[in-house]
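Take a look at the structure set out below.
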Number of protein chains: 4
Amino acid sequence: MALEVVSKVEVPELVEKRQTQILKAAIELYGRQGYHVTTIREVAQRANVSVGLIYQYVHDKEDVLFLALVEVLDSYLREIPQALEGLADPMERFGAAVHAYGRVIDERIEATLLVYRETKSLGRQRRELLKAKEIESNKLISDCIEQCVAQGLFDEVDVEMLTYMIVMFCHAWALKSWRFRGRLTIAQYVDRGLQLMLHPVVTARGKRSLASVDSRRLAVAEGKPSPAARKTTARKGAKPRH
Amino acid sequence: MALEVVSKVEVPELVEKRQTQILKAAIELYGRQGYHVTTIREVAQRANVSVGLIYQYVHDKEDVLFLALVEVLDSYLREIPQALEGLADPMERFGAAVHAYGRVIDERIEATLLVYRETKSLGRQRRELLKAKEIESNKLISDCIEQCVAQGLFDEVDVEMLTYMIVMFCHAWALKSWRFRGRLTIAQYVDRGLQLMLHPVVTARGKRSLASVDSRRLAVAEGKPSPAARKTTARKGAKPRH
Amino acid sequence: MALEVVSKVEVPELVEKRQTQILKAAIELYGRQGYHVTTIREVAQRANVSVGLIYQYVHDKEDVLFLALVEVLDSYLREIPQALEGLADPMERFGAAVHAYGRVIDERIEATLLVYRETKSLGRQRRELLKAKEIESNKLISDCIEQCVAQGLFDEVDVEMLTYMIVMFCHAWALKSWRFRGRLTIAQYVDRGLQLMLHPVVTARGKRSLASVDSRRLAVAEGKPSPAARKTTARKGAKPRH
Amino acid sequence: MALEVVSKVEVPELVEKRQTQILKAAIELYGRQGYHVTTIREVAQRANVSVGLIYQYVHDKEDVLFLALVEVLDSYLREIPQALEGLADPMERFGAAVHAYGRVIDERIEATLLVYRETKSLGRQRRELLKAKEIESNKLISDCIEQCVAQGLFDEVDVEMLTYMIVMFCHAWALKSWRFRGRLTIAQYVDRGLQLMLHPVVTARGKRSLASVDSRRLAVAEGKPSPAARKTTARKGAKPRH
DNA sequence: GATGAATGAGGGTTCATTCAT
DNA sequence: GATGAATGAACCCTCATTCAT
């Protein structure tokens with residue numbers, strides 16, 4: 001199938017070893033220069049193997065990219081659960097998960113960007129598989145949120161939306177690293193983000209005019225703000241659906 | 001300089017016309033297939049011009065990409081302010097800005113992704129220029145936030161962080177469109193996001209254990225959660241710096 | 001379709017000119033060295049064009065081979081009819097056709113061998129097309145034979161078999177040129193061949209034992225020739241079926 | 001010398017066994033796909049040995065081809081004499097030889113074609129050696145012819161020419177198998193061919209105009225048909241054929 | 001100003017051959 | 001003797017770029 005990468009070499013340990021070797025080189029180079037710009041020759045050189053060898057473990061240049069991206073996403077799936085081991089308190093688990101996510105991204109900023117940039121270069125099936133892996137790691141976060149909600153620590157929020165917000169926030173550390181790096185550590189960055197996401201931003205006073213941020217109001221208001229808009233009372237408690 | 005794109009053609013209106021023609025084609029193709037995979041010949045064909053003609057308005061293939069990305073970012077800078085025209089109320093302006101940002105991204109999802117994927121293919125100087133444009137559009141949001149804070153509608157939040165959170169949330173509509181599209185309209189998506197970002201997530205009960213999400217606590221706790229951790233009271237009011 | 005060779009260049013005269021140029025080089029090189037051994041670069045060099053140019057008139061290396069083989073077979077179809085122009089007498093036409101076939105092969109020995117050697121390198125459809133062309137040139141011979149038969153100059157022979165015999169005989173000039181070249185001219189070769197094919201080989205005396213060459217007799221005789229065999233009278237007049 | 005194939009293995013029986021194994025695979029694959037297209041790896045796989053092993057019995061990929069072609073030609077030299085064993089009558093021996101040639105070719109059509117297609121891929125010396133083997137098998141036929149002539153069964157024909165005609169006719173069974181296979185058995189094919197070659201084709205009446213097939217006459221006639229030609233009255237209502 | 005034929009450097013990929021085990 | 005992982009030269013083909021018309 002177009003999904004699997006088949007190696008011409010049989011010995012599993014060898015396949016394992018060589019793939020690690022090749023993928024390490026590939027991730028570095030693709031991350032730094034981009035996938036299309038990097039030649040197989042360069043990958044081979046950096047991996048200290050011959051060009052021909054790569055093609056014994058991989059069918060295509062695209063295969064290398066695929067395996068590289070899988071490896072990156074798998075590293076998330078390996079590391080986040082580790083950070084939760086031994087933790088029982090839901091809130092604590094939640095915090096640990098988010099911080100772990102942030103940390104693992106911080107450790108592989110280039111690799112994370114690589115996933116964003118080059119997933120599109122893969123065929124549909126493989127793209128789907130990567131999505132599945134992303135959903136899987138999102139689940140690590142959303143499970144924690146649900147626990148917090150179940151235990152009454154969080155309001156009845158829209159779990160999926162909150163999850164994506166957190167995930168995107170973590171990814172943003174990579175995507176916008178030029179903005180934050182050097183000014184904050186990843187830990188500080190996550191702290192502040194959680195602070196913001198978990199605490200109310202709007203003041204009591206602000207609540208009165210809050211309705212105006214809702215699109216249903218805006219549809220009316222757009223272009224000519226009606227005085228009525230200001231009178232609309234804030235919606236209470238969202239009714240999240242799943 | 002490596003920054004400017006110089007055309008061999010003198011007549012300004014012609015340059016304008018041809019560039020629009022070429023860039024439209026380029027953005028579509030780059031967006032759909034990727035920059036490296038798209039050939040100049042394909043761009044020429046789709047723009048109904050000859051290959052040679054492109055090279056009269058552009059020096060490089062990279063030039064085409066640069067102009068394309070600039071055009072996308074400029075379109076944000078054109079459209080968001082438009083949505084704010086005539087609005088005075090800070091909260092209303094804030095909502096309108098975020099919704100406008102969401103809308104403009106929704107209208108050009110592929111183009112937005114293009115910026116994410118291919119900015120790296122440009123030289124450093126041009127990359128900086130694109131960043132500047134992004135900061136400029138972020139400013140459109142952060143200004144609104146600051147107004148809300150100034151008027152006491154928002155708490156004294158970390159403005160930059162909130163801005164990025166909102167921006168990333170809007171971008172996520174493009175980046176994760178496969179997750180949300182078809183299930184929500186962009187307006188609903190933004191509504192829910194704002195809802196989540198502006199309202200408290202943590203319950204009164206949850207606040208007691210909130211300290212455990214903070215990295216400073218976690219650093220201690222990691223691996224062996226101390227009972228003490230649970231007693232730590234939540235930090236009050238973040239001290240945002242700019 | 002897999003059959004057609006499409007050029008990226010539009011101007012027909014140019015296509016014509018370039019193809020001739022390329023094919024001349026290709027036929028020479030493929031003929032001398034073999035198709036697989038010859039690189040496109042070599043063809044380009046010998047044709048005084050760049051590698052890239054070849055690929056504007058041809059999609060594949062295989063396309064070059066196909067066009068080359070077609071060109072060879074077409075040259076037969078062009079030249080043989082020419083030799084018949086103005087001739088009316090059937091026997092004369094027959095002789096002229098065979099001599100022309102011999103001559104055209106003699107002029108392009110290498111090219112003729114090329115067809116034999118490399119037809120298999122083509123896809124099935126193209127192979128069929130070449131066969132059709134061969135049949136077409138065989139027809140030029142078989143038509144002459146039929147005329148001779150019709151006019152009572154030839155016995156009622158198995159036309160197809162005789163045709164193939166003649167054709168193979170002509171091809172043999174190329175296939176076994178190492179045997180005949182230098183010892184005979186093509187004209188002498190054809191003379192002798194026709195001599196042999198048209199005149200009786202078996203003597204009156206030989207006829208009595210002729211039956212023994214027939215497989216139906218041999219089947220019985222094989223290993224232990226029966227005396228009966230000798231009594232069998234020679235078959236008269238073959239009954240060709242089609 | 002470039003002629004010999006030297007094996008690194010000492011044990012003769014092993015060399016024998018392995019070579020048979022390898023050559024069987026090679027002849028099949030080269031015959032089906034062509035020599036250049038077939039990889040050593042494919043040959044190894046089909047022969048159920050490792051790539052490395054092949055190189056212990058052979059120095060080159062070309063060696064494999066050489067041995068394969070030799071094996072094919074040797075099989076002719078083995079089988080034809082067998083068919084003559086016990087036969088004494090010259091005409092009978094002639095018939096048996098030709099039929100045997102036909103049969104052995106029919107049994108290895110692909111292999112026969114292989115010789116035609118790939119002999120050129122060998123070096124000059126080896127090519128000469130193959131030619132010698134071909135001449136050797138031609139001798140098997142020509143000897144029979146000479147016997148027939150000696151005994152007055154055949155006219156004093158051009159033996160070599162007749163030999164080649166017969167040989168080519170047999171080869172044609174392979175070379176043009178797409179034309180005859182399924183319509184004739186090899187035995188029928190040979191029968192008809194001999195019929196044609198041994199019996200006069202030209203009628204008594206035809207003989208009068210026969211001179212016109214001779215090249216010496218044609219040289220004069222060419223382009224401007226001799227007056228004689230024009231006088232020949234065309235017989236109308238000739239025997240219709242198919 | 002516009003065209004598109006021509007160029008050729010460069011990249012992906014294959015495969016004969018070697019050699020350590 | 002046998003294996004098959006490793007090598008790297010070499011080939012097909014693409015495509016950005018030029019330039020004569």
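So you know, we letter chains A, B, ... as the sequences are listed, proteins then strands, and number each from 1. These values consider heavy atoms only, across backbone and side chains, with no hydrogens, waters or symmetry-generated copies. Bear in mind the structure is a predicted one, so any value in this text is a computation, not a measurement.
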Practice problem: Report which part of the nucleic acid D/Ser7 touches: base, sugar-phosphate, or nothing (heavy-atom distance under 4.0 Å, all strands). | Solution: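 Nothing, no heavy atom under 4.0 Å.
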[atom1] of [X] versus [atom2] of [N]: gap in Å, rounded?
X: C/Gln19; N: E/dA6; atom1: CD; atom2: P; result: 12 Å
X: B/His36; N: F/dT14; atom1: NE2; atom2: P; result: 18 Å
X: D/Glu62; N: E/dC15; atom1: CD; atom2: P; result: 18 Å
X: D/Tyr55; N: F/dA6; atom1: OH; atom2: C1'; result: 14 Å
X: D/Glu42; N: E/dC15; atom1: CD; atom2: C1'; result: 11 Å
X: A/His59; N: E/dT13; atom1: NE2; atom2: C1'; result: 9 Å
X: A/Ile40; N: F/dA6; atom1: CD1; atom2: C1'; result: 16 Å
X: A/Lys61; N: F/dC13; atom1: NZ; atom2: P; result: 19 Å

Going by an N to O cut-off under 4.0 Å, is there a salt bridge joining [X] and [Y]?
X: A/Arg124; Y: A/Glu128; result: yes
X: D/Arg126; Y: D/Glu62; result: yes
X: C/Glu71; Y: C/Arg108; result: yes

Practice problem: With sequence neighbours left out, write down each residue that passes ring-ring contact (aromatic ring centres under 6.0 Å, His included) with A/His59, or none if nothing qualifies. | Solution: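 Applying ring-ring contact (aromatic ring centres under 6.0 Å, His included) to A/His59 gives none.
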Self-check item: Residue pair B/Val72 / B/Thr112: nearest heavy atoms and the distance that separates them
Solution: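 Here B/Val72 and B/Thr112 meet closest at CG1-N, 4.5 Å.
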Pairs under 3.5 angstrom, nitrogen or oxygen only, protein versus nucleotides 2-4 of chain E, please.
from: E/dA2; atom 1: OP1; to: B/Arg18; atom 2: NE; distance (Å): 3.3
from: E/dA2; atom 1: OP1; to: B/Arg18; atom 2: NH2; distance (Å): 2.7
from: E/dA2; atom 1: OP2; to: B/Tyr57; atom 2: OH; distance (Å): 2.8
from: E/dT3; atom 1: OP2; to: B/Ser50; atom 2: N; distance (Å): 3.3
from: E/dT3; atom 1: OP2; to: B/Ser50; atom 2: OG; distance (Å): 3.0
from: E/dT3; atom 1: O5'; to: B/Ser50; atom 2: OG; distance (Å): 3.4
from: E/dG4; atom 1: N7; to: B/Gly52; atom 2: N; distance (Å): 3.4

Quiz item: With a cut-off of 6.0 Å (strictly less than), are more than 12 heavy atoms of other residues, nucleotides or ligands near NZ of D/Lys24?
Solution: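 Open.
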Exercise. Evaluate the side-chain proximity of A/Arg117 to A/Tyr30: yes if any heavy-atom separation is below 4.5 Å, no if none is.
Key: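 Contact flag for A/Tyr30/A/Arg117 side chains = no.
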Exercise. Hunt down the Watson-Crick or G-U wobble partner of F/dG8, both distances under 3.5 Å, from any strand shown, or write none.
Key: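 Pairing partner: E/dC15.
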Quiz prompt | Nucleotide opposite F/dA20 in a Watson-Crick or G-U pair, distances under 3.5 Å | solution =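 The answer is E/dT3, by the H-bond criterion.
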Self-check item: Residue met sooner reading DNA chain E from 5', once B/Val11 and D/Asp60 are mapped to nucleotides
Solution: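 Result: B/Val11.
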